[in-house]
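In what follows, a structure is listed as structure tokens, so that the remarks can point back to it.
Whatever order the structure lists ligands and atoms in, that order sets their numbers, starting from 1. Because only heavy atoms are used, hydrogens play no part in the values below, and waters and symmetry mates are left out as well, while side chains stay in.
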Amino acid sequence: MTKRPYVIVNVAQSLNGFISGKDGRRVIISSPEDMVRVHELRSEVDAILIGSGTVIADDPRLLVDQNAVKKEKFPVRIILDRSLRTGIGSRVYDSAARTIIYTAKVREDNRECEIRTRDLKGLQLENILSELQEEGISKLLVEGGRSIITSFIEERFIDQFHLYIGDIIIEGGGFQLFSPGFEIRNVIKSAEPFGKGVLISLDPYHLQRLWKTQVKDS
Ligand SMILES: NC(=O)c1ccc[n+]([C@@H]2O[C@H](COP(=O)([O-])OP(=O)(O)OC[C@H]3O[C@@H](n4cnc5c(N)ncnc54)[C@H](OP(=O)(O)O)[C@@H]3O)[C@@H](O)[C@H]2O)c1
């Protein structure tokens with residue numbers, strides 16, 4: 001593909017494999033130590049990207065803790081929201097940092113952010129990433145949720161993949177990160193105890209290659 005930012009994925013999963021509670025409800029999976037790591041990661045990137053599902057379910061602000069701040073400005077917040085279904089009052093639209101929404105809709109409200117209306121082609125990840133790269137975003141952190149991360153895997157756009165397994169079993173959990181419909185093995189690069197959980201680094205290139213091959217074959 002044309003040039004794109006270096007892409008890091010970070011996601012937290014429960015011991016029984018869920019990234020959310022029942023019906024997608026937000027559950028805190030990361031330990032305090034892991035939250036520090038996440039904020040350090042945020043402080044090293046130019047932008048953080050999430051999908052509309054995560055804005056609606058979690059209402060995150062995607063800022064960086066004062067202790068972790070390394071750059072003058074907070075990373076740009078990028079929201080992929082084709083149908084502009086996220087609420088105007090979502091915390092990610094506050095004025096604490098710049099926010100860009102990619103959508104197919106024409107702006108009809110006055111939320112404090114930049115709305116980029118694009119056609120189907122313009123909303124393809126490849127084109128969004130290339131546009132962001134051209135604007136100087138060279139390191140991008142993807143923080144979810146499941147659909148967005150799956151799209152990044154399918155398109156093979158991930159360069160680093162951090163998966164934190166928290167010390168929690170979520171009863172009647174909602175979303176599972178991985179449910180490809182086929183078996184995948186040997187994708188763990190390293191795993192270390194981290195706080196009360198385990199931090200896993202996946203080999204994204206191997207994972208994405210296997211994923212693509214399996215999708216093609218199935
Ligand atoms: N544990 C964690 O680390 C973590 C992190 C984040 C989220 N979560 C959980 O994940 C759940 C949300 O996951 P989700 O899958 O519903 O939401 P998501 O991946 O955040 O957003 C999905 C939505 O993004 C939009 N979208 C735009 N472009 C897309 C593309 N190229 N590929 C895929 N989607 C695209 C689609 O909606 P439109 O068609 O309307 O645009 C899609 O429905 C929540 O329960 C949340 O709590 C957990």
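Residue pairs meeting the salt bridge (Lys or Arg N to Asp or Glu O under 4.0 Å) criterion with at least one member in residues 137-149, sequence neighbours excluded: Arg42-Glu143. Among pairs with a residue in residues 8-22, none fulfils salt bridge (Lys or Arg N to Asp or Glu O under 4.0 Å), at least two apart in sequence or across chains.
Using a 4.0 Å heavy-atom criterion, the residues that approach ligand 1 are Val11, Ala12, Ile19, Ser20, Gly24, Ile29, Gly51, Ser52, Gly53, Thr54, Ala57, Asp58, Leu80, Asp81, Arg82, Ser83, Arg85, Leu125, Glu143, Gly144, Gly145, Arg146, Ser147, Ile148, Ser151, Phe175.
Proximity of a side-chain donor or acceptor of Asp65 to a complementary backbone N or O of His39 within less than 3.5 Å is not detected. A donor-acceptor contact shorter than 3.5 Å links the side chain of Ser20 to the backbone of Phe175.
By the 30° and 60° cut-offs, the orientation of the rings of Trp211 relative to Phe182 is perpendicular.
With sequence neighbours left out, the side chain to side chain donor-acceptor pair (under 3.5 Å) criterion links Asp58 to no other residue.
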